[in-house]
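Report on one structure; see the data block that follows.
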Amino acid sequence: MTKRKVIVLKKQCSTEIVPKAPYNFDKTVYDPSHFPTPIEIWKPGKFWKTMRFKDRILGIKFMDVGTISKPKIKLTVFSASELKKEFIRDLIKDINFRYGFNEDLSDFHRQYKSDSLLRPVFKRMRGAHSRSFESLYEIIMISIVLQNAIVRRTVQMMNNLLNKYGQKIKFNGKEMYLVWKPNKLAKVDEKELRNLKVGYRAKMFTKISEQFAKGDVNEYRLREMSLEQVERELLKLYGVGPASLDSLLGILRIHQPIRTISPWEQKIYSRLLFNKVIVSPDKILRELKRRYGKWSVFAGYILFEDLFWRHDKKSIPWLEKEIRL
DNA sequence: CATCAGGGCCCTG
DNA sequence: CAGGGCCCTGAT
């Protein structure tokens, strides 16, 4: 057992960002339905995230110092050594994209302001954007630990991986993990991975990591591609199928019609859309597409987030039963 | 004790 | 295009 080093990020610099209004900070950065993982920390009005940018290890702290209608975010970047102005400029550009600070959702809001399901949701979720600040590689690793597992096991697999291959970093009094670099996992022996209880997913981790390490897939290049091209690229990855694809597209802020419903989503949509215990996935897909067209993935996301936020505030019994930890 | 499905995907026939 | 197999876990 080797003791792993904690990297402490002592240097810091701050700036302010004014997102396009309306911007709802908490309801964008925090997703109550997402399993807990030590690569991020949320508290009302505050958010900490580890990040690797241009091969530098960073800790980012966000503070909400505005309102939904007049949003303002104080951003502090922590690093081990001083950062150049140009680096910071590029970083902020990237963060703007990831956190949707400039994203314009007015079309969506205009179009569905009278929708029977979304109208009440907009009151609570006004200014919420889709959560997509994780790197493409990070989110792919997450989508793999989510496959064919309940949340408890997902958490276990993720923590095992972070413990073994992640980098522990400390900034602003928080100790968190940064996800490993692809080339590190690419070289790991399948057996070693299987010891971490990831099962058949072991091969997916190494194969995909290899593809990332070689530069076959590049998040920034994907941002410039058409939907069809992006899909082709992502489906080349061993372990990425139709169910993971939709959530990966969210990372690139691509809005498109919904195509897949997983069993747990099926149960929730059955209640939300039809007020029934279970409705066929086909019927759900048709209804979502009929209502929301190209916005159906995003509309579904907002409906789910609203539901889980409400559940957080006051337990919803039928939902409680569906979320098995 | 055995069986099964879970926040899928790959591969085969 | 349907269906079996895959790792592991906790529920039954």
Side-chain angles (χ1 to χ4, degrees), chain A residues 30-37 39-40 130-132 134 136-164 185 188-212 217 231-251 258-273 277-282 284-285 288 296-298 300-309 311-312 316 318-325:
Chain A
Y30 180 60
D31 172 0
S33 75
H34 196 272
F35 71 93
T37 174
I39 58 176
E40 65 187 59
S130 53
R131 205 182 101 114
S132 57
E134 274 123 354
L136 182 66
Y137 180 72
E138 252 176 318
I139 203 72
I140 289 176
M141 296 296 109
I142 288 171
S143 69
I144 290 173
V145 294
L146 281 169
Q147 284 179 23
N148 222 19
I150 58 169
V151 174
R152 183 198 296 266
R153 194 152 109 82
T154 294
V155 170
Q156 184 203 40
M157 286 189 273
M158 195 66 197
N159 287 345
N160 286 349
L161 288 165
L162 284 171
N163 261 320
K164 184 128 188 159
L185 211 54
V188 171
D189 173 67
E190 183 173 337
K191 211 165 175 186
E192 185 180 308
L193 273 170
R194 279 176 178 260
N195 284 341
L196 302 179
K197 317 280 187 197
V198 301
Y200 65 87
R201 300 170 191 79
K203 212 194 298 177
M204 301 176 174
F205 288 124
T206 46
K207 281 197 175 183
I208 291 177
S209 295
E210 211 179 294
Q211 289 173 286
F212 268 85
V217 205
E231 285 178 352
R232 227 180 6 252
E233 290 293 304
L234 290 176
L235 289 172
K236 274 191 214 157
L237 299 170
Y238 185 87
V240 173
S244 305
L245 186 63
D246 280 354
S247 62
L248 299 181
L249 291 174
I251 278 289
I258 194 159
R259 289 168 291 193
T260 53
I261 305 271
S262 60
W264 74 285
E265 291 169 326
Q266 182 191 357
K267 291 173 195 160
I268 294 177
Y269 278 127
S270 300
R271 301 268 187 169
L272 283 179
L273 299 173
V277 175
I278 202 78
V279 173
S280 77
D282 227 46
I284 293 171
L285 283 171
L288 283 170
S296 44
V297 169
F298 184 64
Y301 175 80
I302 291 292
L303 287 170
F304 266 53
E305 290 307 287
D306 176 60
L307 180 69
F308 277 88
W309 272 94
H311 176 62
D312 244 28
I316 300 171
W318 66 262
L319 185 58
E320 186 70 52
K321 256 186 23 201
E322 300 299 354
I323 323 171
R324 288 195 303 138
L325 293 176

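Nothing here was measured: the structure is a model prediction, and the numbers come from that model. Labels below follow one simple rule: chain letters A, B, ... track the order of the sequence lines, proteins then strands, and each chain is numbered from 1.
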Closest to the N148(A) side chain, choosing from dG7(B), dC9(B), dC6(C) = dC6(C)
remark   = Here the distance between atom C1' of dG10(C) and atom NZ of K197(A), to the nearest Å, is 14 Å
message = If I take atom CG in residue L248(A) and atom C1' in nucleotide dG8(B), what distance separates them, rounded to the nearest angstrom?
response = 13 Å
query = Taking atom P of dG7(B) as reference, at what distance in whole Å does atom CG of D246(A) sit?
reply = 18 Å
message = Testing the 3.5 Å rule here: is there a donor-acceptor pair between the side chains of S280(A) and D282(A)?
response = no
query = Given atom CD1 of I140(A) and atom C1' of dG8(B), what is their separation to the nearest angstrom?
reply = 15 Å
message = Can you give me the closest heavy-atom contact between L285(A) and T260(A), atom names plus distance?
response = CD2-N, 4.0 Å
request  = Check every atom of dG8(B), dG7(B), dC6(C) against the side chain of I150(A) and return the nucleotide holding the closest atom.
outcome  = dG7(B)
Enumerate all atom pairs, one protein N or O and one N or O from nucleotides 10-13 of chain B, separated by less than 3.5 Å.
unit_1, atom_1, unit_2, atom_2, d
dC10(B), OP1, G239(A), N, 2.9

remark   = Here the helical stems involving DNA chain C, each at least 3 consecutive Watson-Crick or G-U pairs closer than 3.5 Å, sorted by first residue number, are B:2-6 with C:8-12, B:8-13 with C:1-6
request  = Please report the shortest heavy-atom distance between V145(A) and M157(A), naming the atom on each side.
outcome  = O-CE, 3.3 Å
message = If I pick the P atom on dT9(C) and the same atom on dC10(B), what distance separates them, to the nearest angstrom?
response = 23 Å
ask   = Closest heavy-atom contact between Q266(A) and S270(A)?
value = O-OG, 2.6 Å
inquiry  = Applying side chain to side chain contact (heavy atoms under 4.5 Å, CB included), can you list everything that pairs with K236(A), at least two apart in sequence or on another chain?
reply    = E233(A)
task = Take the protein atom CD of E190(A) and the nucleotide atom P of dC8(C), then report the distance between them rounded to whole Å.
result = 11 Å
query = R201(A) near the nucleic acid: base, sugar-phosphate alone, or nothing, with a heavy-atom cut-off under 4.0 Å?
reply = base
query = Expressed as a whole number of Å, how far does the P atom of dT3(B) sit from that of dG7(B)?
reply = 23 Å
Whole angstrom value for the distance that separates P of dG8(B) from CZ of F205(A) = 14 Å
task = Verify the contact: side-chain N or O of T154(A) to OP1 or OP2 of dG7(B), cut-off strictly under 4.0 Å; return yes or no.
result = no
key: M157(A) CE to dG6(B) C1', straight-line distance once rounded to whole Å   = 10 Å
ask   = Parallel, tilted or perpendicular: which describes the rings of Y301(A) and F298(A), with under 30° parallel and over 60° perpendicular?
value = parallel
ask   = Of the non-hydrogen atoms in R194(A) and Y200(A), which two are nearest, and what is the gap between them?
value = NH2-CA, 3.7 Å
request  = May I ask you to decide if the ring planes of F304(A) and W264(A) are parallel, tilted or perpendicular, using 30° and 60° as cut-offs?
outcome  = perpendicular
query = How many Å lie between CZ on R152(A) and C1' on dG10(C), as a whole number?
reply = 7 Å
task = Identify whether the distance between the nearest side-chain nitrogen and carboxylate oxygen of R259(A) and E231(A) falls below 4.0 Å.
result = yes
